[in-house]
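Please read the structure below before turning to the comments.
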Amino acid sequence: MARALRRGLYRQHDRPSGHSGAQGNVRRLSGDPMNIFTRYQREVCRVLEDMVKAGELPAGLDMTRVKVEPPREAAHGDMATNAAMVLAKPAGKNPRQLGETLTQKLKSIQSVAEASVAGPGFVNFRLVNTEWASVVLDILKCGAAYGDSAMGAHEKVNIEYVSANPTGPMHAGHIRGAVIGDALAALLEKAGYDVTREYYFNDAGTQVDVLARTTHLRYREALGEDIGAIPEGLYPGEYMKDVGQALAARDGKKWLGKDEGEWLAPIREFAVGVMMAEIRKDLALIGITHETFSNEREIVEGGTLEKVFKTLTDMDLIYQGTLPPPKGKEMEDWEPAELTLFRSSRFGDSSDRPLKKRDGTWAYIMPDIAYHYDKIRRGYKWMINVLGKDHGNYLDKMRPAVSALSGGGAKIDVIFCAMVKVLKNGVPVKFSKRSGNIITLREMVEEVGAGAVRFFMLSRTPDSELEFDFAKVVEQSKDNPVFYVQYAHARCHSVFRNAKEMWPDADFSVEALLKADMKRLDSEEELKLVRLMAGWPRHVEAAAEAHEPHRVTFYLHDLAAAFHAFWNKGRDDATLRFLIEKDKDLSFARLALVKAVATVIASGLAVMGVEPVEEMHG
RNA sequence: GCGCCCUUAGCUCAACUGGAUAGAGCAGCCGCCUUCUAAGCGGCAGGUUGCAGGUUCGAUUCCUGCAGGGCGCGCCA
């Protein structure tokens, strides 16, 4: 979905106002001084505005496209701005010339060591080393909060994920969406949004009736009856035995020999309660706790559907009409009929949609629309839904309704997750609900651990298929990204363990490290690490804006790689070791750096919901 | 038939929302352990970013068309 946003159809009206620079002439500022790139973007814009004042540039230039970024090639410098290229045309200037002028002005900034024009008009510049050293100090001061952004401005966001029907335990098919939703929630919180984690369960459809009937059967079994095989159409899983037994324990023989009409509703309520409790327990195993649980029955029984219908009617968006038959698809039983239609085509839908079936009862999408109306009423500007890819056109159906019911004020985004292929020793595990052959979340967590499960689920973009191979997930090698990142973190701590042996009486607290002489960090390897870490706040913002938590995984892999590389440099070149007994000052500067690396890795893992490991031994 | 998604190295995937010479890992080849964890690192090789156009200073990224793969499709749940 994020890609769909990127490609554009809804891009303009689907961005929260303020992010697109609508209010000012500066692109989008996090307002966060921790982000060194944001700081220099401001510097560049300030310089440009001075040039406007001095008459060197015309007034009224659009500076929203001026960016300051790390260049792809580190050799190009520390930072690069596209200002000259972007402004050349509107200013009626040659980009290289404009770049030259900008270069001269940037050079006069104290913290800028060097600046030059390159390529089609990029202005590259380098910062003095002390400026980079300040990044390490920022990280140490902020701790896990390093990378937090004010971008979200406390805007309320609702993330709905998992939302599995309460008819069985959490299994492999649920986990990906669960983890992605949960990490997205943490990511958006880090980016300054006010996030609610929500679970919506369907307790009003036919599936929960099936659950109730299955429960009743298992209940009879629990009371000693021979029920034989589970009939077609009921849930065959063994887990239902427990539900039957729990009911027998609570109600005794109360429901034996009664009509379904008498027991269906109460047993349904009981079974749903049991299943939801189980689901919550399962989710807790991978650290997922929703703040809000909403259910369809309350929406339906609370009259929300009628309310939505009235609202849409009052807006003159409801009419009686006949839809043309679906194009191209064979429909033998097609008969045109006058239906109650919602003018969704006014909101970008391909055609209007029926809200009532021809028999006058509500159409399937109505409860979902009503549920979103409920979210809008609760004040959410952003509603994000994490769904399986098979829910293909959910967004097409829901977006017009959300748009209409919120007066355009609320936006909905859906993240579609592709399947997870589970492998054991390289062999795909087939699972079918029918035979009850499923891999449960509990099983996965018990076998490989919660952290590894979460990390793997975040190791690819959501819409690409993912292979989850039990053997690979627990493999202790660099080929396993979980291990690789954790190992880097553990190595950081290992350095401190060694430092304590080297200087048993020294103080290694953050306060002490803050006093280290950061000017000593001047090797290319050290600065590479610092630059990478300086980019963490940018990555947080970019990932949050794109609703793509997996980017955190890639970032951590890069950071871990740079750290492992530096570590190994110390093997070839003794002057690059972290701990040098006769140079305590340098060692402490490097310890500050190492502490910063551990802090950023931990900060990223926190977004992913993975516990950092401090020690690993074979 | 219509809609959405995907197509990047032999394989699995990136590319910071339009930037400079498209990057990692695996597989292959060559190196590095009397030294902070070699559970690691360095190097070599590997590409017409599915094809054809377009937009502009500049396209893997945006637009159009085509080809191939996946998913979804009505007033069902």
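Heavy atoms only: backbone and side chains are in, while hydrogens, waters and symmetry mates are out.
Distances shorter than 4.0 Å separate none of the side-chain N or O atoms of A:Y394 from OP1 or OP2 on B:A77. Residue A:K89 places at least one side-chain N or O under 4.0 Å from the OP1 or OP2 atom of B:C57.
For B:A20, the base has a donor-acceptor partner in the side chain of A:N124 [N/O atoms by modelled type, under 3.5 angstrom]. Side-chain atoms of A:R551 stay outside donor-acceptor range of the base of B:C16, with no qualifying N/O pair under 3.5 Å. In terms of polar N and O atoms assigned as donor or acceptor, the side chain of A:R460 never comes within less than 3.5 Å of the base of B:U12 in a complementary pairing.
Distances were taken from every side-chain heavy atom of A:N498 (C-beta onward) to each of B:U37, B:C75, B:C76; the shortest belongs to B:U37. The side chain of A:R65 lies closest to B:C57, out of B:C73, B:C75, B:C57. Closest approach to the A:A542 side chain among B:C36, B:A39, B:C16 is made by B:C16 (side chain taken as heavy atoms from C-beta onward). The side chain of A:D463 approaches B:C5 more closely than any other nucleotide in the set B:U37, B:C16, B:C5. Side chain of A:D390, nearest nucleotide from B:G19, B:C76, B:G72: B:G72.
Contact annotation for A:R491: backbone-only contact, meaning every heavy-atom pair under 4.0 Å involves sugar-phosphate atoms and none involves a base. Residue-level contact check: A:A88 touches neither bases nor backbone, having no heavy atom under 4.0 Å from any strand. Using a 4.0 Å heavy-atom criterion, one finds that A:A565 contacts the sugar-phosphate atoms exclusively. Across all strands, A:P120 comes closer than 4.0 Å to base atoms (heavy-atom distances). Among the atoms of the strands shown, only primed sugar atoms or phosphate atoms (P, OP1, OP2) are found under 4.0 Å from some heavy atom of A:E465. Within 4.0 Å of A:E69, counting heavy atoms only, lie sugar-phosphate atoms of the nucleic acid but no base atom. Residue-level contact check: A:Y484 touches the backbone only, with heavy atoms under 4.0 Å from sugar-phosphate atoms and none from bases. Base engagement by A:S494 is indicated by at least one non-hydrogen atom pair under 4.0 Å involving a base atom. Counting any heavy atom pair closer than 4.0 Å across all strands shown, A:K472 reaches no nucleic acid atom. At the heavy-atom level, A:A543 lies nowhere under 4.0 Å from the strands shown. Residue A:G205 is out of contact with every strand shown, counting any heavy-atom pair closer than 4.0 Å.
Distance A:K528 NZ to B:G23 C1': 12 Å, rounded to the nearest Å. For the pair A:E615 CD and B:C36 P, the computed distance is 16 Å after rounding to whole Å. Protein atom CZ of A:F483 is 13 Å distant from nucleotide atom P of B:U37, rounded to whole Å. A straight line from CD of A:Q486 to C1' of B:U37 spans 15 Å, rounded to a whole angstrom. Distance, A:L395 CG to B:C71 C1': 15 Å, rounded to whole Å. The interatomic distance linking A:H489 (NE2) with B:U37 (C1') rounds to 15 Å, in whole Å. Rounded to an integer number of Å, the gap from A:D349 CG to B:C2 C1' is 13 Å. The separation between A:E545 atom CD and B:U17 atom P is 8 Å, rounded to whole Å.
Side-chain atoms of A:S345 and A:D352 form a donor-acceptor pair, as typed in the model, at a separation below 3.5 Å. No hydrogens or angles considered: a donor-acceptor pair under 3.5 Å links the side chains of A:H372 and A:N385.
Shown here, B:C11 is classed anti by the O4'-C1'-N9-C4 or O4'-C1'-N1-C2 angle, which is more than 90° from 0. For B:U64, the glycosidic angle deviates from 0 by more than 90°, giving an anti base.
Between the P atoms of B:U8 and B:G50, the separation comes to 6 Å (whole Å). Straight-line distance between the P atoms of B:C76 and B:G68: roughly 34 Å, to the nearest whole Å. The separation of B:G28 from B:C33, taken at their C1' atoms, amounts to 24 Å, rounded to a whole angstrom. Taking atom P in both B:G69 and B:C75, the straight-line distance is 29 Å, to the nearest Å. As rounded to the nearest Å, B:C41 and B:C5 have P atoms that lie 37 Å from one another. Annotation: B:U49 and B:G65 have their P atoms spaced 22 Å apart (nearest Å). Comparing B:G54 with B:C11, their C1' atoms are spaced 34 Å from each other, to the whole Å. Comparing the C1' positions of B:G19 and B:U37 gives an interatomic distance of 41 Å, to the nearest angstrom.
Listed for the A:R590 side chain is no donor-acceptor partner under 3.5 Å among the backbone atoms of A:L579.
At a threshold of 4.0 Å, the pair A:K389-A:D463 does not count as salt-bridged, since none of the basic side-chain nitrogens sits closer than that to a carboxylate oxygen.
A 3.5 Å limit on both hydrogen-bonding distances identifies no Watson-Crick or G-U partner for B:C75. Figure legend. B:C62 is base-paired to B:G54; pairs are counted as Watson-Crick or G-U wobble with both atom distances under 3.5 Å. Across the strands present, B:C11 finds its partner in B:G25; the criterion is a Watson-Crick or G-U wobble pair with both atom distances under 3.5 angstrom.
Side-chain contact between A:L264 and A:R213: present, with at least one pair of heavy atoms (C-beta onward) separated by less than 4.5 Å.
Seen from the ring of A:F309, A:K356 counts as a face-on cation partner, given the 6.0 Å and 45° thresholds.
Closest-nucleotide positions on RNA chain B for A:N202 and A:D479 were compared, and the one nearer the 5' end corresponds to A:D479. Taking the nucleotide of RNA chain B with the nearest heavy atom to each of A:A574 and A:L466, the more 5' of the two is matched to A:L466.
Judged by ring centres under 5.5 Å apart and planes tilted less than 30 degrees, A:H557 fails to stack against the six-membered base ring of B:A24. The side-chain ring of A:F122 is not stacked on the base of B:G19, judged by centre separation under 5.5 angstrom and plane angle under 30 degrees.
With rounding to the nearest 0.5 angstrom, the OG1 atom of A:T81 is 8.5 Å from the CD atom of A:E69. Atom CZ of residue A:F416 and atom OH of residue A:Y394 lie 9.5 Å apart, to the nearest 0.5 angstrom.
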